[in-house]
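The next block holds one structure in the form of structure tokens; read it before the comments.
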2 protein chains.
Amino acid sequence: MDPIQFTDLMELADIIAERLGNPITIEDQHHQVVAYSIHGETPDPVRIETIMKRKVPETVLARFWKAGVIQSLMHSDQPVRIPSIQELGLGNRIAISIRKGTEVLGYIWVQETGRPLVEEDYGILRWAARLAMPRLLQKRDRYIKKEENKKALFWQILSGNCSLDEIHQEAATLSIYFPPYMVVVAGEIKCKENQWLSIQKELDYLLENLKETTPFSFLPLWVYDEKQCIILGGAKKMDGLEEEAGSFLMWLNNRFSVGKGIQIKTGGFGSVVNNILDIPRSYRQSLEVIEIKNSMPGEIEDIYGYHKLGFFRYFPVMKALNQEEGYSNVQLQRLVRYDQENHGNLLETLAVFLDHGGRVNQTSEILHIHSNTLHYRIKKIEEIGKIDLGEPLNRATIYMELKLNKYGK
Amino acid sequence: MDPIQFTDLMELADIIAERLGNPITIEDQHHQVVAYSIHGETPDPVRIETIMKRKVPETVLARFWKAGVIQSLMHSDQPVRIPSIQELGLGNRIAISIRKGTEVLGYIWVQETGRPLVEEDYGILRWAARLAMPRLLQKRDRYIKKEENKKALFWQILSGNCSLDEIHQEAATLSIYFPPYMVVVAGEIKCKENQWLSIQKELDYLLENLKETTPFSFLPLWVYDEKQCIILGGAKKMDGLEEEAGSFLMWLNNRFSVGKGIQIKTGGFGSVVNNILDIPRSYRQSLEVIEIKNSMPGEIEDIYGYHKLGFFRYFPVMKALNQEEGYSNVQLQRLVRYDQENHGNLLETLAVFLDHGGRVNQTSEILHIHSNTLHYRIKKIEEIGKIDLGEPLNRATIYMELKLNKYGK
DNA sequence: CCATTCTTTGTGGATTCCCACAAAGGCTAG
DNA sequence: CTAGCCTTTGTGGGAATCCACAAAGAATGG
């Protein structure tokens, strides 16, 4: 292709537009409009909105994401054809990623309203993408620096050892706004070691570019840590923020599991705080939710909020106390020993029985035993373990110790 | 009375015996035999055993204590007449305390086997008691020093900041033996401020002189603190030591409440330890039992052992966690608010209901309401508090939070 | 004052729980 | 092999629970 001179990307856009006979938009990696050609034909509504707001509407992006368009663009250096979507006012488009190696720096979009593109035009697009690359590289470097600073700031906040003044100052320079009420959400991602980096990029993309479509009103900061993604969400009002956090995790999982087998393994969020200095607590709590859920599979699958944990919330401190004192419940020990010596299943029976609130029918059905067998075992449990299940305090205690035992492993 | 010369208390004993025409024993404040007269008549079995072991048998002392004899001697400077107790092989006796001011240093015992004492003899006894006092004073000073050292040692052990070597060395010089298994018992005494000192003396007496009659095999150390009595009990075997600790508290209460209105308010004991360095833990636990029992009157009146506390055991750490996080259960809050606004009693209803394991009949009977009223309230509770009492986890959680709330105040 | 809502009490029937007793299957030791 | 113990299953009756519906009393606000 011919060598060519252009002073800025606007000029380049015009040149490409002329050659392809179609309007052009050049966007950076966050779909912010960097340049666009002079309109030849009537632009479609999306093009108008994109140029006016200098950013592709998030609804459109979300739709593209769902359809796998963005993913194709990110993983390929070839032009990708996007059929028109009538309901969004979106005509036919062809796009290509601007990239350096495997890293995507931006996109060139062709609005196919002039003439249909042919195979030869794809070569022009590839050539244009190469030309645009150096300019976007500069932008990217500045952006990455800022992103790194944001992540550093969030880590500083999460670690909890810095003053409010420092935080506010740094936040101001990074133009970050902290909403009045905030909550820390943590998600643990299930993936292979070598996938983790690319997943981070994907998440970055999601959180940066689809902010508006998340259940959160504000989404100022997020970081990654050992297959975990830690996110600060916020709102102007306290009401409903916990619900938003819950649906945010679902949102993340939905966006995420598209295509590959990657999924959020577990997720959790801490309590709502209205002070930046309380964020570390919310963070700790979100991690505790994950830890507890991981240690007790099947107990609280559908609980994500720290305050919905019920008595599980106390398990870490209870476990710590027990370790310090070398405590282990004698009554349960007796049952375990009996089970081992006699091939029994008293412990399991007790667990299921208590898990169903002492309802004989349900329990016996689940264990596939006769209700009288259950009665017999219960009596046995009370006798062997020296447990009085009739006493509510005892019953609650033994129920909790049982769960705590499970957690302790 | 005549001035008289005697080189030691043995000589004095002989002099008194001669004047009274009866055998004499002089004992220190711990009923250890300091001197005795040459036997005139045939000594009764108790006298023989007393002199041979150089100490009054504890069974006899316990009997005297029960009968209030010791108390009379301690609180009066007059001779006290003790009728014979056939079953213990105990003839008639008269005794008088040897005292300096209000402090008892020892006793003179007259075995009334020669001739019956008359009023005039009482004067001789009082005179003899005055004569014996200075010698016993020396003994007492040495004893008190030792007792103080013992108490200091125990405090050192309880505080937990001293090495095992230091402890063993000090224990050796004080000739204290630590049994293989030990437990700390704490009792809180209900008394007026000005009684506390004399109660300490009484307790000292009990623990020093009636060691053998306590349920504990070993009772090496004890101290006092702010109306609390902290006692180290022990045994050579682990089995049954907790039971012994429980009955020790009952024993103490029985001995103690004789006569005056003084009583053990609450008591508790920690876990059994087999290492001196673990004693502080057992101590902390015993205090926690007392604290928990005090904060929740009516819940666990008949529990004294730390490990019998059930989930109450975790309350201190749970409370600490809640305070740190500023947590308070929303569901219970809603009920409290409703009760306040509508003169309701949902919270009380819930508490009683859960305390009786969800048994409708018992609960409604206790609350003096119709069982359908109870049903109505339960539904109301679930509705107002947004609590699903059908779910065992929720139910256990709310039960525990309810108790924790009570404890938290 | 009345109307409305909240709360309590009453009735009745389907279901479940609790318990005692009996019988049968399985495992182990002599 | 058999006796003895542990475990499971079956039967049945009395008590308690759960639930729906109805009516009466108490409290509240207009």
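Heavy atoms only: backbone and side chains are in, while hydrogens, waters and symmetry mates are out. Labels below follow one simple rule: chain letters A, B, ... track the order of the sequence lines, proteins then strands, and each chain is numbered from 1.
Side-chain polar atoms of Gln331(A) and Glu401(A) form no donor-acceptor pair below 3.5 angstrom.
Distance Leu367(A) CG to dT9(D) P: 11 Å, rounded to the nearest Å. The nearest whole Å value for the distance from the CD1 atom in Ile378(B) to the P atom in dC19(D) is 12 Å. Rounded to whole Å, atom P of dA26(D) lies 16 Å from atom CG of Asn345(B). Going from atom CD of Glu383(B) over to atom C1' of dT5(C) covers 13 Å, rounded to whole Å. Note: NE2 (His370(A)) to C1' (dT11(D)) measures 9 Å, nearest angstrom. In this structure, CD of Glu341(B) is placed 12 Å from P of dT7(C), rounded to the nearest angstrom. Note: CD1 (Ile381(A)) to P (dT8(D)) measures 11 Å, nearest angstrom. For the pair Glu382(B) CD and dC18(D) C1', the interatomic distance rounds to 12 Å; values are reported in whole Å.
OP1 and OP2 of dA27(D) both lie 4.0 Å or more from every side-chain N or O belonging to His343(B). Considering only side-chain N and O atoms, Arg377(B) lies under 4.0 angstrom from the phosphate OP1 or OP2 of dT8(C). The phosphate of dT9(C) (OP1 or OP2) has a side-chain N or O of Thr373(B) nearer than 4.0 angstrom. Dashed line: the shortest gap from a side-chain N or O of Tyr338(A) to OP1 or OP2 of dC6(D) is not under 4.0 Å. Applying the 4.0 Å criterion to OP1 and OP2 of dT7(C), one finds that Tyr376(B) has a side-chain N or O inside that range. Here His375(A) does not reach the OP1 or OP2 of dC19(C): none of its side-chain N or O atoms lies under 4.0 Å away. Dashed line: the shortest gap from a side-chain N or O of Asn342(B) to OP1 or OP2 of dC6(C) is not under 4.0 Å. Look at Lys380(A) and you won't find any side-chain N or O under 4.0 angstrom from OP1 or OP2 of dC6(D).
Judged by the 6.0 Å distance and 45° axis criteria, Lys319(B) is positioned over the aromatic ring of Tyr407(B). A cation-pi arrangement is present between Lys293(B) and Tyr304(B) under the rule of less than 6.0 angstrom and at most 45 degrees off the ring axis.
Using the six-membered ring where Trp is involved, Tyr314(B) and Tyr327(A) have ring planes that are perpendicular, over 60° apart on the 30 and 60° scheme.
Residues Asn372(A) and Leu374(B) both approach DNA chain C. Their nearest nucleotides, taken by heavy-atom distance, put Leu374(B) toward the 5′ side. For Gly344(B) and Arg359(B), each mapped to the nucleotide of DNA chain C holding its nearest heavy atom, the one lying further toward the 5' end belongs to Gly344(B).
Ion pairing of Arg334(A) with Asp339(A) is absent here, as no side-chain N (NZ or NE/NH1/NH2) approaches a carboxylate O to less than 4.0 Å.
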